[in-house]
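Structure, as structure tokens:
As the structure is a computational prediction, the values presented were derived from the model and not from experiment. Heavy atoms only: backbone and side chains are in, while hydrogens, waters and symmetry mates are out. Within every chain, numbering begins at 1; the chains are lettered A, B, ... in the order of the sequence lines, protein sequences first and strands thereafter.
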2 protein chains.
Amino acid sequence: MSERTTRKIAYPLKKQSLADFKVGVDNVIFSVDTSQNRLLVLLVMRQDEPFLGQWCLPGTLVRNGESLEDAAYRILAEKIRVKNLYLEQLYTFGGPGRDPREAPDSFGVRYLSVSYFALVRFAEAELIADGVSGIAWYPIQQVPQLAFDHNKILEYGYQRLRNKLEYSPVAFDVLPDVFTLNDLYQLYTTVLGENFSDYSNFRSRLLKLGFLCDTGIKVSRGAGRPASLYRFDAEAFVPFKDKPLVFI
Amino acid sequence: MSERTTRKIAYPLKKQSLADFKVGVDNVIFSVDTSQNRLLVLLVMRQDEPFLGQWCLPGTLVRNGESLEDAAYRILAEKIRVKNLYLEQLYTFGGPGRDPREAPDSFGVRYLSVSYFALVRFAEAELIADGVSGIAWYPIQQVPQLAFDHNKILEYGYQRLRNKLEYSPVAFDVLPDVFTLNDLYQLYTTVLGENFSDYSNFRSRLLKLGFLCDTGIKVSRGAGRPASLYRFDAEAFVPFKDKPLVFI
DNA sequence: CCAAAAGTGTTGGCGGTACACCCATGG
DNA sequence: CCATGGGTGTACCGCCAACACTTTTGG
């Protein structure tokens with residue numbers, strides 16, 4: 001409030017001067033490596049000033065004729081080859097001064113970032129190394145200092161990921177067609193932490209909902225009883241669509 | 001996907017041409033008239049082309065040096081005088097062609113809308129009529145065709161309002177300092193519909209949470225037993241902050 | 001036979017739903 | 001004294017956490 005007031009007093013003659021914007025799209029792309037129980041986020045190394053050589057979220061400026069979502073898909077497609085993914089808009093960061101390319105006290109162009117949140121299937125995601133730029137999956141705990149305000153964006157995305165997992169069936173977009181209940185459980189554990197739920201309770205809750213169907217096929221992983229492979233039944237899920245639903 | 005592919009093929013030489021943007025902020029401002037049990041949204045009449053004379057959401061273009069949120073507060077302050085309000089970012093709409101000022105097939109400037117969601121206290125909200133432009137509270141069911149894609153934005157905001165009410169204490173930002181439990185119940189009923197919950201259950205659930213304190217003061221509204229006035233105790237609410245919480 | 005992993009069952013408590021019922025006031 | 005709205009109590013059901021237990025495999 002006080003900020004706004006100050007500004008009005010400071011530049012009373014500039015009241016009508018509209019800012020010009022470049023609009024960027026930045027993606028927070030998550031993936032879960034179930035074999036190692038790690039939650040990963042995709043980072044790339046900046047090739048240009050500012051922040052040359054520093055890690056950041058994959059992003060791009062929006063082109064003519066391109067929608068925001070199109071731009072988000074384009075970045076993604078440039079960085080990884082993947083068939084199954086979930087993507088939605090996250091938040092728009094647009095404060096003045098968030099990009100050093102904005103001259104500090106001039107009325108030059110502003111840089112705005114519309115961020116998108118994505119979750120991809122780790123096993124089938126191929127990173128596209130162009131031989132020039134760095135690109136890597138970073139475990140969420142080991143993310144370094146990022147360029148711009150990207151640490152903030154990432155934090156925001158991480159929050160969203162946890163919510164999505166609890167209240168929507170995103171997990172099934174990111175698991176293989178068939179999976180064991182343990183795979184599913186590991187996914188949840190990796191993202192939400194060890195103590196989110198007991199395995200057997202998680203099991204019965206999910207099965208009672210009725211949209212996971214047992215294929216009958218068994219699969220053995222080393223010692224121990226073989227597990228059933230399940231399939232997500234999109235048909236059976238329809239009644240739950242748009243209803244509040246807890247997967248915890 | 002196919003859209004993006006087509007575009008790449010259609011304009012291969014334009015690959016690097018970046019769009020220039022004007023960024024607008026549009027507010028979905030809700031208010032609840034508890035005396036008439038109506039959910040209202042603030043609309044203004046457009047004074048300029050395009051869509052001259054048509055109703056739309058109050059909006060503005062972002063000025064130099066102004067953050068998005070500042071712009072949102074500025075619109076609000078230009079249209080209504082109000083002390084208590086809740087405001088948060090809603091969604092960013094930025095597809096090409098959403099504003100007729102974008103020349104249809106040129107590569108001119110694009111118009112992007114960052115929308116904000118607000119809830120204000122009806123009783124204390126004074127509309128600012130400048131004598132020129134139309135401005136009005138519209139019952140949500142009677143909203144006409146709006147300019148641009150504002151009907152879509154409104155729909156999105158309405159959805160958010162219902163979620164917010166169920167999972168967060170926004171209601172207390174918008175009720176008077178002291179209120180009866182029936183006031184609170186009416187607010188919920190007006191927004192969520194009649195059948196969201198039984199009154200007595202709503203009562204006990206809320207009271208059990210312990211952040212509503214009885215002032216002891218009674219108030220009589222016509223016939224019937226007088227009701228207690230309650231106050232929202234922000235201190236007592238702290239432990240629930242950031243915890244999942246259901247107000248249904 | 002034992003360890004490991006998958007899967008089933010049981011129990012107690014808490015919380016929601018649907019009511020029935022008492023209380024205080026105006027007319 | 002009765003209609004009206006405020007407020008309390010109860011009985012049932014379902015859900016969920018915790019944990020014990022059985023089943024099926026590899027070694």
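Salt bridge absent: A:R81 and A:E124 never bring a charged side-chain N and a carboxylate O closer than 4.0 Å. Ion pairing between A:R121 and A:D177 holds under the 4.0 Å rule for side-chain N and carboxylate O.
When the nucleotides C:dC19, D:dC15, C:dG7 are ranked by their closest atom to the side chain of A:K208, D:dC15 comes out on top. Of the candidates C:dA6, D:dA20, D:dT8, the closest approach to any side-chain atom of A:N182 belongs to C:dA6.
For B:Y199, a side-chain nitrogen or oxygen approaches OP1 or OP2 of D:dG7 to under 4.0 Å.
Here the two rings, on B:F232 and B:Y230, have centers that are 6.0 Å apart or farther.
Of the inter-residue distances, the one linking A:L181 atom CG with A:L206 atom CG reads 7.0 Å to the nearest 0.5 angstrom.
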Extract from the structure each pairing of a protein N or O with an N or O of nucleotides 22-27 of chain D at less than 3.5 Å, listing the distance.
from: D:dT23; atom 1: O2; to: A:R225; atom 2: NH1; distance (Å): 3.1
from: D:dT24; atom 1: O2; to: A:R225; atom 2: N; distance (Å): 3.2
from: D:dT25; atom 1: O2; to: A:G224; atom 2: N; distance (Å): 3.1

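Applying the side chain to side chain contact (heavy atoms under 4.5 Å, CB included) test between B:L165 and each of B:V32, B:V174, B:V170 identifies B:V170 as the sole match.
In the interface, the side chain of A:S204 is not paired with the base of D:dC16 through any donor and acceptor atom under 3.5 Å apart. Residue A:S197 places no side-chain atom within donor-acceptor reach of the base of D:dC16, judged by atom type and a 3.5 Å distance cut-off alone.
In this structure, A:A227 and B:N201 both approach DNA chain C, and ranking their closest nucleotides by distance from the 5' end singles out A:A227.
For the side chain to side chain donor-acceptor pair (under 3.5 Å) test, residues two or more places apart in sequence or in another chain that qualify with B:R221 are B:D183.
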